[in-house]
Amino acid sequence: EEETNYDQASGNKKTISLPISRVRLIMKSSPDVSSINQDALFLTTKATELFVQHLALSSFNNGSGKDTNTLSYSDLANTAQETETFHFLTDILPKKILARDYLNSLEQMQEEEEADY
Amino acid sequence: MAERPEDLNLPNAVITRIIKEALPDGVNVSKEARRAISQAASVFVLYATSCANNFAMKAKRKTLNAGDVLAAMEEMEFERFLEPLREALEVYKKGQKGKKEVSEQKRKEKEKKANSENDKSREDEGEEEDEPMEEEAENEAEAEEEVEN
């Protein structure tokens with residue numbers, strides 16, 4: 001696979017960085033897909049790059065990272081939940097809660113149960 | 001060829017580069033965030049493919065084409081991608097055409113060379129006629145070859 005951003009044959013800057021072959025593998029794993037023409041393959045690869053940029057930037061702008069100058073996982077999870085176009089990601093970008101908060105709420109639930117007796 | 005789980009992921013180095021180029025200079029990206037974006041990208045491909053395939057099936061086609069992918073972007077509410085996608089496709093198609101012409105040229109030169117070396121006479125007339133048809137099939141074969149890289 002070529003690592004350079006330049007097309008070795010023509011010397012022009014390549015319009016995509018992601019390997020088309022890998023994207024094709026993912027596409028073919030989708031049920032009911034028989035074949036994909038070359039242009040569609042290119043477009044999907046390019047769209048994926050645009051998507052990565054869009055997700056990263058939106059999450060950064062939307063999140064608390066501007067203070068820490070860091071893009072963190074929670075920025076992504078929050079953006080997935082808050083922005084409609086990213087809703088399809090909520091399953092793979094679940095919000096996380098701190099273990100101690102979870103344990104606290106468990107304890108609270110137990111206390112409430114015991115209080116009923 | 002069996003698919004291993006990691007094959008459905010996109011290369012980390014490239015994903016990281018794309019993220020860094022999108023963000024303002026000097027912004028850090030946690031390892032977790034990078035991994036999550038990479039996974040999100042794979043999910044995006046699947047979602048886009050499924051969506052595009054619906055359009056192809058509606059049109060009773062078995063092959064996904066460019067129009068299907070663009071329609072999918074609109075459906076997914078990523079209209080902002082349409083313009084840059086169309087532009088990139090233009091550039092790409094020109095590049096592909098250039099490559100094909102170069103390899104056609106090389107092929108013809110090779111044949112010429114073989115001809116003069118063997119001193120055989122060929123029916124150039126017949127060959128010329130066949131070319132337009134051959135090109136279609138060759139295009140597909142070449143395209144597949146390129147993709148396999």
Side-chain angles (χ1 to χ4, degrees), chain A residues 1-3 7 9-10 12 15-27 29-57 59-60 65 68-73 75-77 80 84-86 88-89 91-93, chain B residues 3 7-11 14-15 17-19 21-24 26-30 32-33 36-37 39-50 52-53 57 62-66 68-70 73 76-78 80-81 84-85 88-89 91-93 95-96 98-99 102 143 146-149:
Chain A
E1 303 252 336
E2 292 164 25
E3 285 294 337
D7 187 316
S10 64
N12 291 331
T15 49
I16 50 173
S17 319
L18 286 171
I20 291 191
S21 56
R22 193 73 68 86
V23 174
R24 182 174 180 270
L25 250 182
I26 302 173
M27 291 177 85
S29 74
S30 180
D32 299 333
V33 169
S34 334
S35 51
I36 308 154
N37 99 355
Q38 185 74 342
D39 289 351
L41 204 42
F42 170 79
L43 281 180
T44 305
T45 306
K46 181 70 184 172
T48 306
E49 290 188 7
L50 294 173
F51 171 78
V52 168
Q53 292 170 343
H54 182 40
L55 178 61
L57 194 53
S59 302
F60 180 68
T68 61
N69 212 38
T70 304
L71 177 65
S72 66
Y73 174 85
D75 294 331
L76 296 168
E84 234 193 88
T85 49
F86 294 128
F88 70 96
L89 297 171
D91 280 348
I92 62 150
L93 296 178
Chain B
E3 279 169 15
D7 287 346
L8 295 186
N9 289 326
L10 296 159
V14 181
I15 294 285
R17 198 197 317 150
I18 299 173
I19 297 172
E21 284 171 6
L23 296 174
V27 172
N28 299 314
V29 184
S30 76
E32 220 186 349
I37 292 179
Q39 289 171 338
S42 295
V43 171
F44 172 83
V45 173
L46 285 172
Y47 183 15
T49 303
S50 167
N53 199 40
M57 291 198 297
K62 285 198 169 164
T63 306
L64 275 187
N65 66 23
D68 298 328
V69 177
L70 292 172
M73 290 302 114
M76 291 161 72
E77 291 178 34
F78 288 119
R80 51 177 40 228
F81 293 170
L85 282 177
L89 186 61
V91 176
Y92 175 71
K93 277 158 86 155
Q96 290 299 97
K99 268 190 208 170
V102 166
E146 294 228 12
V147 164
E148 237 52 75
N149 275 345

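Just so we're on the same page: letters track the sequence lines, and every chain starts at 1. Quantities reported herein were computed from a predicted structural model and do not represent experimental measurements.
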**Item:** Spacing of CG belonging to A:Asp39 relative to CG belonging to B:Leu89, to within rounding of 0.5 Å
**Value:** 5.0 Å
**Fill in**
For B:Ala33 and A:Ser72 the tightest heavy-atom approach is CB-C, 3.9 Å
**Message:** If I take atom CE from residue B:Met76 and atom CZ from residue A:Phe88, how far apart are they, to the nearest 0.5 angstrom?
**Reply:** 5.0 Å
**Prompt:** What option among B:Leu70, B:Asn53, B:Val29, B:Asp68 has the most heavy-atom pairs under 4.5 Å with chain A?
**Reply:** B:Asn53
**Asked** Most heavy-atom pairs under 4.5 angstrom with chain A, which of B:Ala40, B:Ala48, B:Ala41?
**Response** B:Ala40
**Prompt:** Under a 4.5 Å cut-off applied to non-hydrogen side-chain atoms, are B:Ile37 and A:Leu71 in contact?
**Reply:** yes
**Message:** What I'd like to find out is whether the side chain of B:Val69 reaches to under 4.5 Å of the side chain of A:Leu41, using heavy atoms alone.
**Reply:** no
**Fill in**
All heavy atoms of A:Thr85 vs all of B:Phe78, minimum pair found to be O-CZ, 3.7 Å
**Part of A:Leu89 within contact of chain B (heavy atom distance under 4.5 Å)** = side chain
**Item:** Residue, of B:Ile15, B:Val102, B:Val43, that accumulates the most heavy atom pairs under 4.5 Å with chain A
**Value:** B:Val43
**Asked** So which part of A:Leu18 gets closer than 4.5 Å to some heavy atom of chain B, the side chain, the backbone, both or neither?
**Response** both
**Request:** May I ask you to decide if B:Gly26's main-chain N or O and A:Asn69's side chain share a donor-acceptor pair within less than 3.5 Å?
**Result:** yes
**Item:** Contacting region of A:Leu43 [heavy-atom separation from chain B under 4.5 Å]
**Value:** both
**Prompt:** Quick one: what part of B:Phe44 sits under 4.5 Å from any heavy atom of chain A, side chain, backbone, both or neither?
**Reply:** both
**Request:** Can you measure from CD (A:Gln38) to NZ (B:Lys93) and round to the nearest 0.5 angstrom?
**Result:** 11.5 Å
**Straight-line distance of B:Phe81 CZ to A:His54 NE2, nearest 0.5 Å** = 5.5 Å
**Item:** Gap separating the CG atom of A:Leu57 from the CG atom of B:Leu23, nearest 0.5 angstrom
**Value:** 6.0 Å
**Message:** As a quick check of understanding, evaluate side chain to side chain contact (heavy atoms under 4.5 Å, CB included) for B:Ile19 and A:Leu55, giving each step before the final call.
**Reply:** CA-CA 9 Å; B:Ile19 297 172; A:Leu55 178 61; over 6 Å; no
**Asked** Hey, what do you get for OG (B:Ser30) to CG (A:Leu76), rounding to the nearest 0.5 Å?
**Response** 7.5 Å
